[in-house]
Structures are given as C-alpha cells and as structure tokens.
Amino acid sequence: MAFILLLSHKNPPPHGRASAPATARAGLQGYLRYPWLGSLFAMMVAFLPPSEVFAVRPFVTDDARVVYPGQLEVENFGGITLGRGRTPGFEVRSLQGSSVTDRLEIIGGGFGFQYENNKMTPQDLVFQPKYVLYRSFGLVPSVSAAAAVLAPLSGNKQLWNSYNMLHVSWFLFTPQDSTDPYDNGLAIHVNLGTKGQYNAGLGGRWTNKLYWAAGFEVITPISRELRVLGEVFNGDPFSFEEEFPAYQVGFRWYKTPNLQWDLVLRGVRDGGIGSGVGAGIETGPGWNYTLQIGLRFLMDDVFPFR
C-alpha cells in the first residue's frame, strides 16, 4: 500500500526588512510504502526557489513566530508507529496556515488518515489562531499565544479536544553572513498551557490538565545545513490522553532557507490510545516508537493580506 504526501514548511515574519520574498512554487511528492511485516520507506522530491520558511511539525514544541501576511503555509508529515505485541500503524497528515497580519496567524486542517489492522480512519481537524505578543532576537525571548479546537473525526464524535498555551522562544547566534534573523545557531522553545476535553455525552462535562513542552534546534559542526533537534513534552497537544513521558529527537536538513527536511524518532510510554504520529494510533503498555518524515514549504502572496 502507498500513501502520497504533500509535505511542507513555515516562514517567519521579516525583521528589519521591507518586503516578503518573491513568490515560491513547489512541486513535491513522497511515498510511504510498507510490506505486510511493517517497514517504512520514504522518497520525496522538491523544487523551490529561495524564500525563508520555518515550521514545527513533525516536532511538537511550537515556536513564537508566524508566517508573512498573505503566505500559504503547509506542514505535512507521515510515519510508522511500532510497539511490542502490536501491528505497525501508519499515519499521514497535513496542516495549513496563513497570517492575516504580521502578528496573527490562523492554522487549520489536520487532513490525513491513520491505517492499522486493515482499517483506515480520518484524522481530527484542527483550528488554531496564534498571536505574537512580543518579537525579539537574542537573550530577550519572543512570546506568542495560541488556542485550538479539534473536531472529532477519528473517534468518539462526542469528545472535542482543545488546548491553550504560551510559546517562549530564544533565537540565538545568527551567523554573521545570514540575512535571515531566524537562521540561528541555537533556538530554544518552551510551551506552557492546558489541554482540555469536552464530553457532550455526559451533560457537557469539561476536563482540563496541564500541558508543557521544551525543545531546541542547534547547528552541527558537520554542516550549517544539518541541524539536531530534540524535545520532551507532556503528551501531544493533539491528543488529550497522551501524557509524559514523551520525547522526540531527529535531524533537520536546512537545504535552503525555504526547504527543510526532517527525520524524527518519537518515543512515548503509554498504556492506551494516543501514541501515533498524530496521537491517534492504538498502543500497548510500555514504550512505543514512531519514525516520522517531514518536509515543509511556503508559498507567497496566495492571500491578499498585508
């Protein structure tokens, strides 16, 4: 079986620059194939003219930045989840977004599917406004806030998940020859907020719990294009059930300012539902692991926002 992926990227707003980059166009295609024993193979091809882009997914910890007004942001990712005593589970997912001002971004989508035990299930849809409260570079951090609701398509239609959080980011050690303020030798991100779940079947019962995440991205001595990323988090915000301990580590290939590839390994110690790529695949007790691949791009001047 094969999945066809359109995979994506996110662009930060300019700092001390007069205009956004020229319009970017992308053509890309990836395939996830697996035999019946369960293995993951991914191939992606992309052609993009220069433009700055950034994103988070498949990493969970969000950053305190948004895209240029009028740009179309797409974040797609896919992977395979493995656990002891269970069959492999597969997922692909796509998120889209655009900024209506230089501080307010709207993320939507979550389109995708999960496949396990000969059953394909749609992913929950996400709607998330995000606002930059303070933009800064160096030792003084940037701060943004986001709130989101997830429409239940993958499971119980009476359970509506949501989250609210603050993002704090330090963008440090920008190379002297870089024109991009977000091309950093080291970036650190901390998220803090809550995850909520509304159960319409219990007379409108509402449950909330703490959510937190912390992650980093650092340039390696091998190449400026090769970055190492890592994070720990209190469960994916897309999944109310998933909790700590959960972590992700991986590599980012910063091929050009507008093209990044991610290869990520996620580990979640879980005893129930909530461990897959989009936190929707059934998992068993103990550690479950997900191998993910992501590619991000951005298109300028798609919407008439300035």
Side-chain angles (χ1 to χ4, degrees), residues 1-8 30-44 55-61 75-95 109-126 150 152-156 159 161 195 211 213 215 229-252 261-295:
M1 180 177 180
F3 292 102
I4 297 179
L5 305 179
L6 291 179
L7 302 177
S8 71
Y31 301 91
L32 290 179
R33 300 181 181 275
Y34 62 89
W36 65 275
L37 291 176
S39 64
L40 178 65
F41 177 74
M43 298 180 60
M44 308 174 198
V56 175
R57 292 286 172 167
F59 287 93
V60 170
T61 309
E75 299 180 10
N76 289 334
F77 48 100
I80 176 174
T81 298
L82 300 172
R84 180 182 299 179
R86 60 184 297 272
T87 59
F90 301 85
E91 272 186 86
V92 292
R93 194 164 195 162
S94 175
L95 297 170
F111 306 104
F113 296 89
Q114 56 196 37
Y115 181 84
E116 188 174 26
N117 297 324
N118 298 319
K119 179 181 179 182
M120 183 172 289
T121 306
Q123 291 281 25
D124 295 344
L125 297 183
V126 181
L150 289 86
L153 298 182
S154 63
N156 189 339
L159 296 178
N161 292 345
K195 293 195 293 186
Y211 171 77
L229 296 91
E231 62 181 350
V232 292
F233 49 96
N234 189 32
D236 196 308
F238 288 178
S239 171
F240 181 77
E241 292 83 6
E242 187 175 300
E243 296 182 348
F244 182 81
Y247 71 90
Q248 291 194 143
V249 294
F251 293 97
R252 174 163 292 167
W261 304 62
D262 289 327
L263 178 63
V264 182
L265 176 67
R266 170 185 289 199
V268 177
R269 187 172 181 84
D270 193 80
I273 296 176
S275 195
V277 177
I281 290 179
E282 293 184 4
T283 59
W287 283 95
N288 300 274
Y289 298 97
T290 302
L291 180 64
Q292 303 178 71
I293 294 178
L295 174 65

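This structure is a prediction, so every number in the text was calculated from the model and none was measured.
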Using modelled atom types only, decide if a donor and an acceptor are shared between the side chain of Asn161 and the backbone of Ser239 within a distance under 3.5 Å. no

Practice task
Before giving the answer on side chain to side chain contact (heavy atoms under 4.5 Å, CB included), spell out for Leu291 and Leu82 the whole-Å C-alpha distance, their side-chain angles and the decisive distance to 0.1 Å.
Solution key: CA-CA 8 Å; Leu291 180 64; Leu82 300 172; over 6 Å; no

For Tyr211 and Pro237, the nearest pair of non-hydrogen atoms, with its separation, is OH-CD, 3.5 Å

| Backbone N/O of Ser154 and side chain of Asp124: donor-acceptor pair under 3.5 Å | yes

**Request:** List the steps and the verdict of side chain to side chain contact (heavy atoms under 4.5 Å, CB included) for Phe111 and Leu125.
**Result:** CA-CA 6 Å; Phe111 306 104; Leu125 297 183; 3.7 Å; yes

- Task: Would you indicate whether the side-chain heavy atoms of Phe77 and Ser94 approach each other to under 4.5 Å?
- Result: no

Practice item. Give the ring-plane orientation class for Phe90 versus Tyr115, where under 30° counts as parallel, over 60° as perpendicular and anything between as tilted. Key: tilted

Correct closest heavy-atom pair for Phe244 and Phe233 would be CD1-O, 3.9 Å

Notebook entry, point to check: Do Met120 and Gln114 come within less than 4.5 Å of each other through their side chains, counting heavy atoms only?
Noted result: no

A side-chain contact here means heavy atoms from C-beta on lying under 4.5 Å apart; do Tyr289 and Leu265 qualify?
yes

Nearest heavy-atom contact between Leu150 and Arg93 is CD2-NH2, 4.5 Å

Where the side chain of Gln248 meets the backbone of Pro58, is there a donor-acceptor pair that is under 3.5 Å apart?
-> yes

Closest heavy-atom pair, Ala213 versus Thr61, reported as atoms and distance to 0.1 Å, is CB-OG1, 3.6 Å

>> Donor-acceptor pair, distance only, cut-off 3.5 Å: does the side chain of Glu231 make one with the backbone of Val60?
In response: yes

Mark yes or no: Arg57 above the aromatic ring of Phe238, with NZ or CZ under 6.0 Å from the six-membered ring centre and no more than 45 degrees from the axis.
yes

Minimal heavy-atom distance between Pro152 and Leu159, with the atoms involved, is CB-O, 3.2 Å

Review point. Do the non-hydrogen side-chain atoms of Arg266 and Asp236 ever get within less than 4.5 Å of each other?
Key: yes

